[in-house]
Amino acid sequence: MSMPAMPGWQPIPPQSPAYNAVPARTTLARPPPPPPPVRAGRRRTVRISRFDIPPQDQTPEKKPMVWPTPVREYVGRAFEPRNAMPGISTEAVQVKLKEIINHFAEHKMLTELNWAQHPLPQQIIAEERKFAVALPSPHVSAPPSFASHMHAAPFSFAHSSPPASPQPTRKRKSGEVLNPMLDEENLPPWRKTNNVSLKDRMTFGHQDKKQKNSALNSKSNAADLEKRKQRFQSNNVDARNDSESDLMPAGPVVGTNMCLEKPYFRLTAPPKPDTVRPQHVLEKTLEMLGQKWKTEKKYTYMCNQFKSLRQDLTVQHIKNSFTVKVYEYHARIALEKGDLGEYNQCQTQLRALYKSNLGGNPGEFVGYRILYFVYTCNKVDMNDLLAELTPADKKEPAVKHALAVRAALALGNYHKFFRLYLEAPNMGAYLMDMFIERERLNALANISRAYNTVALQFLSNELGFDSNEHCVDFFAAHNAQTLLEPTMTGSNEVTYRVKVKEGAGLFDSLRAAAFGKIDIKGQI
Amino acid sequence: MQTALEPFRKAHAARNAWGVARLLSPIASPDNPARLYNFYRATNEHLVENDVRHSLRYNKSNKFSNNEFNAWTDIFVSYWRAVGHILVVEEAQNRGRLEDRQLVDRYEAWRELANNFVKYFAQDLPSWATVAMYTTAGHLRTFAIRADQQLVALGTSNAYTLSLQENMVPTAPENQKLEEAARIFHSLFAACLRDRNFDPDDTRKWGVYYMANLQFKTFFRLRNINLSKNIIRSIDAQSDLPPFDDYPKAHRVTYKYYLGVIAIFQEDYSTADECLTEAWDGCLLSALKHQELILTYLIPCRLVTKHRVPSQDLLDSFPNLKHMYGPLLSCIKRGDISGFDRALTAGEADFVRRKVYLTLERGRDIAQRNLLRKVFLAAGFDDLKEGQTEADRIRKTRIPLAHFAAALKMNAGGEGRIQHLDDDEVECMVANMIYKGLMKGYISREHAMVVLNKKGAFPGTGV
C-alpha cells in the first residue's frame, strides 16, 4: 500500500463531474458575473507569487524566486475583467492558474513557455469541463485535468504547448476549431453563442444527486444526444464532426415548459427540457401556489406542487434568492401541517443556501432549528449549534425566542415556557406543537409533586390552554378525568379542582413515555 | 545500515515491544540525540530499500518469515524517508525558517509509515508490534494537525480539491489531513479489535483502548463527537477483550475520561460522574494537565449529580479552572442568582466551546435552592412550647410565598432593574425545587404558603 508521495497538484478526482467545480452564482437573471475588480486581481497576483512556490522540488536556492515578467503578465491577464468567462468563478481560475504555474515551475519551463499565447486558465477549465462531461462514464475514466492536458496533449493545448515538448502537435485532433483564441474579436463559439447554458451552470448541493444525474446522463445517450443537439444547434461548430458534438456537455437542463402546475414525479432519467419550467414560470407558479394555499389549504396538492417546483430548480441548477424563497415557503407550510420529513429536507437545503448569502430569513430558520433540537432532545447538536451562534444571530427575535424556550425547559420553568409558546414568532408555535403535549405532561408531573390540589383555571393558565374546556379534554385524553373534582361557586357555576397529587404517579409514567418516543424523520 | 538496524535486530530478537517502538519514533531519545541523524545518514534514497532489505536478511540473530521480512523492510524504508523529512523540519525550525510545505511533507511521509502498518499489522507483523503501531499512529495525529495548520496558513491550501467535492456545504477545509489520518486510525483500531488471537500474551487487542482514545481525540478535534459513539459501541459489543483492569493505566484513564466527557454531552450525568471519578482516581498526581482536563468536566458534573462545588483548596491548585469556574461557583454558593446569570453569560463562549454550558446552566437550581434556603433560615423558629428547650426548637416551616417571591425578585434584579417575575412564576420555581428534590414540602395556593417539612426541608444542607 505504499503510496507515491503526493504531487503538489492532482488530477481532478474522477468521481466528480467537471461542472461541479463551478462555485456559486447568485442569480440567474444577472449578466455574466461582474468582472473582478482590478485591485483584487493584483492582490491575487501577489499572493500567488508569494505562496505558490512549486511544492515538490523546493530547494533553498529557489526560495527567493522572482517570477518572470511574462508569467506575471499572464496572471494579470487571467484576472482581467474582459477575459472573465461566464460560469467560471475567479476562485476556480485562481486554482487552475496556480496549478499551471506550479506545473511549469516544477518542470523548470517557466522561462521557456510562450506565456503570451498560453491559453488562459478559464479557457482550460472550459475545455476540461466539456471533455469531462462528455466522457461516457465519469466514474471510470478520469476527466482530463490540467495534468492530462500536459501529458496526453489534447486539443486545447495544441497550438500553444510549450516549445520544449513538441509532441502535442502530433496528437492534435481537431485543434484549430477548438483553439481558445485570446483575440477578443475571435471569441470561441461557446462564449459567443452559448451564454444561456453556461450561464445556468450553477452548482448545487446534492452531491449524490448530481452524481446520479451525471451517471444517468452518460447512460442514456439517446436522450442526451437530443438534448445536447437542441442546446447547441445554434453553435457554429462547423468543423466539429458528429461524433464530437455527441461529446458536448450535458450541463443543467434549461426548461421550456410554460405550465404553471406540474405533478411531482421522481426522476429516473434526465428530464426533457419541455417538461421543465424555467425560472420566470416558476416564479408565477410560486405566486399561484401562495394564492391557492391561502384559499384552499390542500397540503397534499401543495406538497406535490412544491416538490416538482424544487425539482425543476434542482435540474436547472438554479440557486439564488428565488430558490431560498421556494424552500422557505415549503418549509413553512410543511411546519404548519407537521410534515417533518419535508420540513427537514427544506431546512437542510436552506442551511446550505444561507451559507452562500442568498438572502432569505436565516434568523427565522435558526430559530426553528433550535426548537427542533429541543423537540428531539438532541443535546450534542444543540451544543454545537449554540457554539455556532454569533452575537448578531442572538439578536434575531426568532433566535432569541427559541433560546428562551430552550433555557426555560432546561430549568424546568414551565410557566415561562408556556408564555413563550403563546407568543412564538413565525411558525414557531407549529414546531412547538410537536412537543407541547410532552411538556404539559412534564409540567403536570412537576406540579403534582408540589401541590395537593389546584384550581382548573390555574392549570389551564399555566399549561397554556386556550380554555378550561381544552384543559378538561386534555385530562380526559390521558384518562385522568377522575382527578377533576367539581365544586360549586356562589353563582352556581361549576368549577373544578384538580387533585394533582393523586395523579403524580400517572403523570410521571405519561411523562416518561412521552419523552421516550421521539419520531425522527430525516433529521438534520 | 547494518549498524543502524542493529538495535532493531536486538529488540526484535528479545520481542522488546517498547524497544522497537522507540526505534520507530520520530523523536531521538535523550541518551542518543543524534539517533535520527545517524540513521538517516546510514544510507541514501537510491540505496535505502536494498540496504534495509540486506541488513534484515543477512543476520544471525533473527529469523523472519517472508511476510514479516517484507513488512519490516517496507516499514523501515518508509520510516527512513519520514526521518528525512523530520530532520528537514527540525533544521528549518532551528533556523527559524520553516518553508511552505515542509510540515505537510513530513506528515505525508509519516502517513506512508502508518499505511505500512495498516497493510501489514493484522497479518504479517508479530502481535507485540502493537506498541510500535500505536505510537506511530499517535505521532501521525500530531503531524496531521501541524500539517493542517500549515495548510491553513498557506491560505489557498486545498481550495482546489475542495471545490470539486462539495459546493453548497463545504466540509471544514482546515482539517483535511486529520480527517485522512482518522481513517487510518480506524483501520488500525479495527485490526486490533478483530484480532482472533485470544492468548493475552500474544494478541493485538492490547491496542484497542489506545486506538479508541486516539480516535476520540481526533473526533473531538474534528468536531464530530457523534462518531465516538460507534467506537464505544463496538468496544462494548466485543466480549473477548482482555480484562479492562489489565490494560495499561494510561489507556484506561484516558478511555474513562473520554467516556465521561461523551456521557456529559449526552446529559447522562451518572455515567459521566462514575467514569470521570475513575479517571480522576487513576490519574497520576504529577499529571496536572490531565487532572485539570478531568476536573473541567467533573466539576460541572458533580454540580448536577451531587449538588456539590469543589473546595477552595482544589480550585486554588488549578488556576485555569479557578478563573473559568470560580465566579460561577461562588455565586452558586452564595445563592446569587443574578450573579450566576452574569457569570454564565460572561463565560458563555468558553463554556460552549468546552460544551459544559448546558451542564453549568443547571447549577442555577442550586443557586436558587441556596437562596430559598436563606429565606427559610431567616424565618427563624417557632415560639418555644412547653417542655421545649433551645436545643430542639423547631424552625418555622410555613413560609409565605411572598417571602420567596421577594427574595427572588430582589436577587433576580441585578443593576437596579427588577426583572419581571410574576407570582405564578415564583410558584413555578418553588414547584421545581420540590419536584427536583431540592426542597421538601408543598405549596398551598389557597393560603399562598409553602409548607415545608419539619425535618430536612432542604435535603443535604443540614436543615
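Convention: sequence-line order gives letters A, B, ...; per-chain numbering from 1.
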| said: Under a 3.5 Å threshold, yes or no: a donor from one side chain and an acceptor from the other, between B:Asp424 and A:Asn461? | reply: no
| field | Name of the residue among A:Asn452, A:Val454, A:Thr453 meeting side chain to side chain contact (heavy atoms under 4.5 Å, CB included) with B:Arg445 | value | A:Val454
| field | Student check: side-chain heavy atoms of B:Asn432 and A:Asn446 closer than 4.5 Å | value | yes
| query | Relative to chain B, which of A:Leu389, A:Leu386, A:Leu411 shows the most heavy atom pairs under 4.5 Å? | reply | A:Leu411
| said: Counting neighbours of NZ on B:Lys440 that are heavy atoms of other residues, nucleotides or ligands and sit closer than 6.0 Å, is the number greater than 12? | reply: no
| query | Which bit of A:Ala445 is near chain B, if near means a heavy-atom gap under 4.5 Å: side chain, backbone, both or neither? | reply | both
| Side-chain touch B:Lys355/A:Asp384, heavy atoms, less than 4.5 angstrom | yes
| query | If you take all heavy atoms of B:Cys428 and A:Gly412, which pair is closest and at what distance? | reply | SG-O, 4.1 Å
| Heavy-atom closest contact (A:Lys379 atom, B:Leu358 atom, distance) | O-CD1, 4.0 Å
| field | Whether over 12 other heavy atoms sit under 6.0 Å from B:Gln123 CD | value | no
| With a 4.5 angstrom heavy-atom cut-off, which part of A:Ala407 approaches chain B: side chain, backbone, both or neither? | both
| SB check B:Glu446 A:Arg497 (cutoff 4.0 Å) | yes
| remark: Of A:Glu462, A:Lys501, A:Met382, the largest count of non-hydrogen pairs under 4.5 angstrom with chain B goes to A:Glu462
| task | Might you confirm whether atom NZ of B:Lys436 has over 12 heavy atoms from other residues, nucleotides or ligands at distances under 6.0 Å? | result | yes
| query | In terms of heavy-atom proximity below 4.5 Å to chain A, should B:Glu427 be classed as side chain, backbone, both, or neither? | reply | both
| Would B:Val352 and A:Asn383 count as a side-chain contact (heavy atoms from CB on, under 4.5 Å) if you check the C-alpha gap in whole Å, the side-chain angles of each, and the deciding distance to 0.1 Å? | CA-CA 7 Å; B:Val352 166; A:Asn383 214 322; 4.1 Å; yes
| query | When you look at B:Ile443 and A:Ile447, which way does the side-chain contact (heavy atoms from CB on, under 4.5 Å) test go after all the steps? | reply | CA-CA 9 Å; B:Ile443 305 170; A:Ile447 290 171; over 6 Å; no
| query | Given the rule in the salt bridge (Lys or Arg N to Asp or Glu O under 4.0 Å) test, do A:Arg406 and B:Glu361 qualify, once you have shown the distances and angles that lead to the verdict? | reply | CA-CA 11 Å; A:Arg406 186 206 65 76; B:Glu361 193 183 31; 2.6 Å; yes
